[in-house]
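Whatever order the structure lists them in is the order used to number ligands and atoms, beginning at 1.
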Amino acid sequence: MKTLVFSATYNEAGNVQGLLRGIVAAVPEADILIVDDNSQDGTAQALRALQLPQLTLIERPGKMGLGTAHLLAFCHALHHGYDTLVTLDADGSHEPASIPALIGQIRAGHDFVIGSRFCPGGSLSYTGYRRFLSRNANLLARRLLRIPLTEFTTSFRAYRVSRMRAFSLGELYLDGYSYAMATVVACAQHRFRMTEVPIRFLDRGYGSSKIPSFEIFRGVHNLLRLALIRAVRPLPQAEDQPLNACPHCHTAYSWIAFNARARQPRGACVACGASA
Ligand SMILES: Nc1nc2c(ncn2[C@@H]2O[C@H](COP(=O)(O)OP(=O)(O)OP(=O)(O)O)[C@@H](O)[C@H]2O)c(=O)[nH]1
Ligand SMILES: [Mg+2]
């Protein structure tokens, strides 16, 4: 089974070497993709210093957001014919040692597996307000989206890549950190076999959080939008996944069209950020 492990990085120089060593120890046969957004703290140099043959590093020109980095990983996995895509954060919150448990559920026949802090056996190191917020945001998402999971917001996941061909990538193009909920909704819309495995979620290692303070408002707004989509569009969307090269930077498979009827030029590039 061909596996790709992906992480997005923005100023994670203190964390990436530990992350990569952990991934190699957990899944030595997997390829690794990192999308770095021109980190100024030496993240890319720290990655290159490891000289790992299985590592592909895509460097984007500036901070383009976590959601578009994950979309680029989806496109990369589809374009290169991987069987399984695993995604996790680079800041030390997600333990690579849990990757085999996620892959195991794909092998067992699931199409989407999420690492959950809230299912039996899962844990998170947050206390106080952050713990309250994470717990209740996920409970609210479960209620409003009517999807029987305990976790929607973490990016520790595994996908069966062949099933991702059903995604309309444009529908996943949500701003901020909401891509995480949007992908769970897309999996449910397309009737993926979904499950979760318990994870231990730790506080980030080095560096600081990149979540903007207004993200909570954007998150609630996007959750309501997604709940509406679940309510009024219960059937899977038509396929809309052209995976074209960007007409501006010419990166292959990076141009996301927004719907099947309006292909180019209505779209955006997840590699250079151009839109038209
Ligand atoms: N390429 C890229 N990576 C990003 C961007 N924003 C965040 N990241 C990475 O995405 C991952 C999650 O970001 P965090 O800031 O840790 O956000 P979080 O885990 O939701 O929140 P915390 O609990 O505060 O850590 C980390 O690996 C970041 O380096 C971005 O704009 N571009
Ligand atoms: Mg984090």
key: All side-chain hydrogen bond (donor to acceptor under 3.5 Å, both in side chains) counterparts of Thr43, not counting sequence neighbours   = Asp41
query = Taking the six-membered ring for Trp, are Phe167 and Phe74 parallel (under 30°), tilted (30 to 60°) or perpendicular (over 60°)?
reply = tilted
message = Do Ile147 and Leu224 land in one hydrophobic cluster if side-chain heavy atoms of ILVMFWY residues count as linked below 4.5 Å?
response = yes
Atom of Asp91 nearest the Mg ion (ligand 2) (restricted to N/O/S, atom name only) = OD2
query = Can you tell me if CZ on Arg200 sees more than 12 non-hydrogen neighbours from other groups inside 6.0 Å?
reply = no
Ring-face cation of Arg117 near Phe201 (centre distance under 6.0 Å, axis angle within 45°) = yes
ask   = When you look for protein heavy atoms under 4.0 Å from ligand 1, which residues do they belong to?
value = Ala8, Thr9, Tyr10, Glu12, Val35, Asp37, Lys63, Gly65, Leu66, Asp89, Ala90, Asp91, Tyr126, Arg130, Tyr177, Arg204, Ser209, Lys210, Ile211
request  = Kindly state whether the ring of His70 and the ring of Phe6 have centres lying under 6.0 angstrom apart.
outcome  = yes
